[in-house]
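Working notes, beginning with the structure itself.
First the proteins, then the strands, lettered A, B, ... as listed; each starts at 1. Since we're looking at a predicted model, the values are computed, not measured.
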Amino acid sequence: MNLEATIQAAVAQSVRALYNVETELQQIQIQKTKKEFKGDITVVVFPFVKAARKSPEGAGQEIGQYMLENSSFISEFNVIKGFLNLSINKTYWIDLLNEINSDERYGLKSVNDDSDIMMIEYSSPNTNKPLHLGHIRNNLLGFSIAEIQKANGWKVIKTNIVNDRGIHICKSMLAWKLFGNGETPESSGMKGDHLVGKYYVEFDKAYKTEIKELVAQGMTEEEAKKSAPLMLEAQKMLVAWENNDPEVRQLWETMNSWVYAGFDATYQQMGVDFDKIYYESQTYLTGKSEVERGVAEKSFYQREDKSVWADLTSKGLDEKLLLRADGTSVYMTQDIGTAKLRYNDFDIKKMVYVVGNEQNYHFQVLSILLDKLGYSWGKDLVHFSYGMVELPEGKMKSREGTVVDADDLMSEMIDTARETSMELGKLDNCTPDEIENIARMVGLGALKYFILKVDPRKNMTFNPKESIDFNGNTGPFIQYTHARIKSVLRKAAEQGIGLTPEIDKTIEISEKESYIIQLLSEFPAIIKEAGDEFSPALIANYEFELVKEYNQFYHDFSILKEENEAVKYFRLALSASVAKVIKTGMLLLGIEVPERM
RNA sequence: GGUCCCGUAGCUCAGCUGGAUAGAGCAACGCCCUUCUAAGGCGUGGGUCAUGGGUUCGAAUCCCGUCGGGAUCACCA
């Protein structure tokens, strides 16, 4: 039983004994004692005032006195206004530290073959342009959520749906055909995804020019957009693709292979991976047949032009297109097919989509459509809807060239980390490989932590010039603390000091030390909450709080120079446990921690 | 216009299942390396928690209105 539950039970017992009142454990409010008051844990007395027929102070005194006499782990108490501040026995804390210290996998639940399956979809790139800052938030959140759910005992399958077909792909294919002169990643020296992205932009430019000309000839903008030759050509290409035209398919395979090579490099650098990848080119047919079944079963209907629609007006939504008049499928059609295939492939208990909040409507509709098609799990899909990343000037716009490229950003971060390390002279006796590895961990750590410490549901601002910091509430700050502890532990080992299995319980420990143990003891609950709330930010903020407290301790107390051997062992054990929790927590965020930096 | 989300220090963010004097980091200023890593620690200044009402012993937190910002309502994905 954790401390909070223990206290709640003790309070309930006290109230029963003193006032003959039954209270539900959940309504007993427990919080950490604020720093300016003495004590470890505070009970809010106000809810019992009525039953006690006493002033808040009086009731607090009575409950506190009763608990002091009847609960062995409470050493003293004080009451301020309606708050009962309890101090916990030193031996209780030392016992806790012993437990934490001896558990290699502290905070992590184990997963076995019987564990429930959670499938988490994230990343979901289009194969017509390279990944950018928005994808970075998606990938980091998806990966971290997967790690957190594993830690909570789920068997997680990380999945990716690659949008490898559709009109947008045809646009870059067409532009390459028209303007490419046979350019390849090899011939140009460009990363494949960047090369293809270049032609997507080329298409857009040429298309805009055509529209302008048509408008000059007297067309409305609407008409011009629809009848521009390039657009018609792209649409023709999509139909040819769906009809398995060999030439189109060949070009498509070639260009996609360039993009995948590029994506793989980006994913690897970012440190994310997938257990099972789906391609829309392989799922859209299932989607189409599902939609056709829906038409046959009268869940959906066909218009005169042969396009297929779902009428959702009874649910307060609009009508939704599911198949175009030319028979080609749309985004929604594909997602229906993908969902069905996934549930066929795995015994999914919970399906989670990590997709931006701009698609809230899409997932609301997807859920309803699957339900209409008779899938009981349709309503249970979880859309983990995260906020957009904005630049100081506002939203990123690819057409205005304000997109922050993922590859560029990561390498800038690593460069900055390397320069900083060199300036500080931290890595003077490291090999070039070691230097590179540490720069990579620190640079990416800064980026990842910066993104993940923010509540995922909120939009966030990223300033490329200012957001990158290595001091304060940052990834490197936490990594640095880990490296410092490791350094102390190395020195201890050199002096032949190992960790004792059990810490002497008769030693005196300070408030600061017991508070750090209290923080450590909260770690499992934080992981659970992060899983329930789908919020890596809770872990990030917890890690920061822990590290800040530890740094104060590190500054104020000496470890290896402590003369009392038992106390020295205690401080080493405390430090080792903090390092362990730092590392475990950071790995849940997908951030590595170096042994030295 | 309908629906949904957001508004906390100069900036970036915590805190939101109601509880004590609203917290961090950055930026500014000052102090601490002959002591285990100064990417650290300590201190100073900085707030109408957008705004008006309501509920309550108690509201940044819950409810309603107003103002401001964003997303979405595509034969784009």
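For D326(A) and L424(A), each mapped to the nucleotide of RNA chain B holding its nearest heavy atom, the one lying further toward the 5' end belongs to L424(A).
Between the base of U35(B) and the side chain of K561(A) there is no donor-acceptor pair shorter than 3.5 Å. Between the side chain of T481(A) and the base of A39(B), no donor-acceptor pair of N or O atoms lies under 3.5 Å.
The six-membered or imidazole ring of F462(A) lies near that of F450(A), with a centre-to-centre distance under 6.0 Å. Ring centroid separation for the pair Y480(A) and F477(A) does not come in under the 6.0 Å cut-off.
Rounding to whole angstrom units, CG of residue D204(A) and P of A77(B) are separated by 15 Å. Note: CE (M597(A)) to C1' (G40(B)) measures 11 Å, nearest angstrom.
Rounded to the nearest Å, the gap between the P atom of C33(B) and that of A39(B) is 15 Å. When the P atom is compared between G30(B) and A71(B), the two are found 43 Å apart, to the nearest whole Å. U66(B) and A27(B) have their C1' atoms separated by 34 Å, with the value rounded to a whole Å. Spacing of C1' atoms, G18(B) relative to C62(B), comes out at 7 Å, to the nearest Å. Look at the C1' atom in both G53(B) and A59(B): the space between them is 13 Å, to the nearest Å. Comparing the P positions of G7(B) and U61(B) gives an interatomic distance of 11 Å, to the nearest angstrom. Separating the C1' atom of C75(B) from that of C63(B) is a span of 43 Å, rounded to the nearest Å.
Distances were taken from every side-chain heavy atom of N126(A) (C-beta onward) to each of C36(B), A77(B), C75(B); the shortest belongs to A77(B). Comparing atom distances between the L560(A) side chain and each of C36(B), U37(B), A39(B) picks out C36(B) as nearest. The nucleotide whose nearest atom lies closest to any side-chain atom of K491(A) is, among G41(B), A77(B), C36(B), C36(B).
Phosphate proximity of C42(B) to Q552(A): present, with a side-chain N or O under 4.0 Å from OP1 or OP2. For R484(A) and A38(B), the shortest distance from a side-chain N or O to OP1 or OP2 is below 4.0 Å. The side chain of R324(A) places an N or O atom within less than 4.0 Å of a non-bridging phosphate oxygen (OP1 or OP2) of C76(B). Side-chain N/O atoms of Y331(A) include none lying less than 4.0 angstrom from OP1 or OP2 on A77(B).
Shown are I169(A), V196(A), N163(A); of these, the side chain to side chain contact (heavy atoms under 4.5 Å, CB included) with T127(A) is made only by I169(A).
Between the side chain of Q479(A) and the backbone N or O of M441(A), at least one donor-acceptor pair lies under 3.5 Å.
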| note | Its contact letters, B for base, S for sugar-phosphate only and - for none at protein heavy atoms under 4.0 Å, make nucleotides 10-24 of chain B read --SSS-B--BBS--S

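Between Y284(A) and W241(A), the two ring planes are tilted [angle within 30° to 60°].
Cation-pi geometry between R571(A) and F557(A) is not met at under 6.0 angstrom from the ring centre and within 45 degrees of the axis. Taking the centre and axis of the six-membered ring of W252(A), the NZ or CZ atom of R165(A) falls outside the cone set by 45° and 6.0 Å. Because its NZ or CZ atom is not both nearer than 6.0 Å to the ring centre of Y386(A) and within 45° of the ring axis, R137(A) does not count as a cation-pi partner of that residue.
Syn is the glycosidic conformation of C33(B), whose angle stays within 90° of 0.
In this structure, C67(B) forms a base pair with G7(B), meeting either the Watson-Crick or the G-U wobble geometry with both donor-acceptor distances under 3.5 Å. C42(B): Watson-Crick or G-U partner is G30(B), with both key distances under 3.5 Å.
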